[in-house]
Amino acid sequence: MPDPTIRVRIAPSPTGPLHIGTARTALFNFLFARHVGGTFLFRLEDTDVARSTVAYERDIIDGLHWLGVTWDEGPGIAGDGDIGPYAPYRQMLRLGFYKAASDRLLAADLAYPCFCTPDELDADRKAQEAAKQPPRYVGRCAHLTAEERAARLAETGRPPATRFRVRPGVVGWNDLIRDRIEIDTANLGGDFVIVRGDGTPLYHFVVIVDDAEMKISHVIRGEDHISNTPKHILLLEALGHPIPVFGHLPLILNPDGSKMSKRKTQTAVDDYRAEGFIREGLINYFAYLGWSPGTEEDVLTLDEIIERFDIDKVQKGGAKFDRGRLEWLNGQWIRRLEPDDLIDRLRPFLEAALDDGRIDRLPSDEDVRALLPVVQERLPTLAAIVDLVGFLWVDDLAVDPALIVPKRWDAATTHEGLAAAREILSAHDAVTWEADELEPPLRELVEARGWKAGDLFMAIRVATTGRTATPPLFDTLVALGRERTLGRLDAAIEALVTVAETGR
RNA sequence: GCCCUCAUCGUCUAGAGGCCUAGGACGCCACCCUUUCAAGGUGGAGAUCAGGGGUUCGAAUCCCCUUGGGGGCACCA
């Protein structure tokens, strides 16, 4: 079943934290490879030295691993050495390959040194824009004699860039998900730079040198690369390399339909992680952005997605990012987690809450486990745990007395109700402090007084938790404990005296 | 400006000529359950398949045009 001829890659550039778009593209490559038993590799495109950082490298590598998108070749997990037959997998460590390739092109006159200065290029651009012409390199250095080159060098005083000659004609390919695409090279913007004046190679060049060297069979990437593909094919051709199969994925869009941007959509995977989105939810959601199994299944594990993945079923049109749907899927997955697993995953969020003072102490694993039956189905995200039941671990609960009085009751009734409830609850000892034991006597109280259970329960709820929405009341009181419950009731009763006297 | 590309409910999508009076899911609404909030269950509103021409006995599905959206055109990736 393994197919050694299938080799795909994700090649992010470490110029920012792991982006949702990168994660999705990585996932699709990963799914494609895993489904057929091919190889998935990770390569760092770090030739933009000015913007690349090691911190971003780590973020991307860690984030992808966290999601479960792991590679067969590439940097090791802990930042240790690269693994695989084509190591190293980071471009700044592969400069020799690019130098050799550009020398070959230069020697064959398929590329040439370009002495144009940024100012000259800028002026060209402006003139073209003014003339409503598409921007393109004018070819100033395309046919210089040796003497002219020497003169230009002396004149500009800076080392030349290397420009690739774009041959006339039409370049086409059979796109994996869009069928035939053909582009006239006249529309490519003229000869393009493949190596900067400082000797560092540019994206279009390194990507094909590495893809060829690493025997990439399928290049699966975002739709935004469609117009780059002819350049890549031309380069591959000039170097005599085989042309891989190209497949262009639909883009993830902002809700307004534009290409996803940090400004309009939260794009860092880290940020979702920090909010308590779990990998299962994120992966499930990403997979369904532009793909579906063609069945009516919605909630699938990574393995199930791998099993069903079919590149032919990938959508062509872009998909708007829908956070609401992500939240729903995340909730689905949180509900499916095993207790031990969920407790582990909740831990960091509880610790964070302790750190910033939203709670005063940490519950034990057993405390959390006891809560799970009533809490698990109420968590859209892991971080929501603090919002939901943080009041359990707060020492001094600040409750607005006005909030304690249920809609249909006045302060005096509420005071009376809470006092009576306090009396009944205090009769329980630590042993009978169980939900099943606490509820019946309070129901009897309500019955005797002709009250509505909901009113009394709401008063108790707010008095003991400070909130009008909580997990089931008696489970909550059990979690709170006898002493704290009685203490909070006392505080509320006292506060109500004041309110009653002041007249609300 | 030029080139490329896309087009089914608000959103993600099913649909590869007759199974479609277009299915599912999210969201929304109602009801049920219920001490609140969720979850869950049931039901509902919601797409003249962007528009117009063809092809065909028959088109959401094939072709053309129009319109609209998106992407690209760097010594960024």
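FYI, side chains are in, hydrogens and waters are out, and symmetry mates aren't considered; it's all heavy atoms of this structure. In what follows, chains carry the letters A, B, and so on, assigned in the order in which the sequence lines appear, proteins first and then strands, with residues in each chain numbered from 1.
- For the pair A:Ala319 and A:Thr468, both in contact range of RNA chain B, the more 5′-proximal nearest nucleotide belongs to A:Ala319.
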Treating primed atoms plus P, OP1 and OP2 as sugar-phosphate and everything else as base, which nucleotides of nucleotides 59-65 of chain B get B, S or - for protein heavy atoms under 4.0 Å? -------

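- Residues from residues 442-450 of chain A with heavy atoms under 4.0 angstrom of RNA chain B, sorted by number: A:Arg443.
- Within 4.0 Å (heavy atoms only), A:Arg158 reaches at least one base atom of the nucleic acid.
- Comparing B:rA25 with B:rA47, their C1' atoms sit 15 Å apart, to the nearest whole Å.
- Contacts with RNA chain B (heavy atom under 4.0 Å) in residues 17-29 of chain A: none are found.
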Which atom pairs link the protein and nucleotides 27-31 of chain B when you take only N or O atoms and keep those under 3.5 Å?
none

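- Here the P atom of nucleotide B:rU36 and the CG atom of A:Leu403 are 16 Å apart, to the nearest Å.
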Write down the protein N/O and nucleotide N/O pairs, taken from nucleotides 18-23 of chain B, whose separation is under 3.5 Å; answer none if there are no such pairs.
residue	atom	partner	partner atom	Å
B:rG23	O2'	A:Glu296	OE2	2.9

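- Applying the salt bridge (Lys or Arg N to Asp or Glu O under 4.0 Å) test to pairs two or more places apart or on separate chains, those with a residue in residues 326-339 of chain A are A:Arg323-A:Glu327.
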Report all interatomic pairs (protein N or O, nucleotide N or O of nucleotides 2-5 of chain B) with separations under 3.5 Å.
residue	atom	partner	partner atom	Å
B:rC2	O2'	A:Asn187	OD1	3.4
B:rU5	O2'	A:Arg178	NH1	3.3
B:rU5	O2'	A:Glu223	OE2	3.2

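- Near RNA chain B, defined here as any heavy-atom distance below 4.0 Å, the residues from residues 453-462 of chain A are A:Gly454, A:Phe457, A:Met458, A:Arg461, listed numerically.
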Pair up each side-chain donor or acceptor in residues 384-391 of chain A with any protein partner under 3.5 Å, not counting sequence neighbours, and list the distances.
none

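- With a 6.0 Å radius and a threshold of 12 heavy atoms from other residues, nucleotides or ligands, A:Glu213 has its CD atom above the threshold.
- Atoms CE (A:Met260) and P (B:rU11) sit 17 Å apart, rounded to a whole Å.
- Applying the ring-ring contact (aromatic ring centres under 6.0 Å, His included) rule to pairs touching residues 443-472 of chain A yields A:Trp409-A:Trp451, A:Phe457-A:Phe474, sequence neighbours excluded.
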So which protein N/O to nucleotides 8-10 of chain B N/O distances come out below 3.5 Å?
none

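- Among the protein residues, A:Leu289 comes within range of the sugar-phosphate backbone only, with heavy atoms under 4.0 Å from sugar or phosphate atoms but none that close to a base.
- The ring-ring contact (aromatic ring centres under 6.0 Å, His included) search around A:Phe205 returns none, not counting sequence neighbours.
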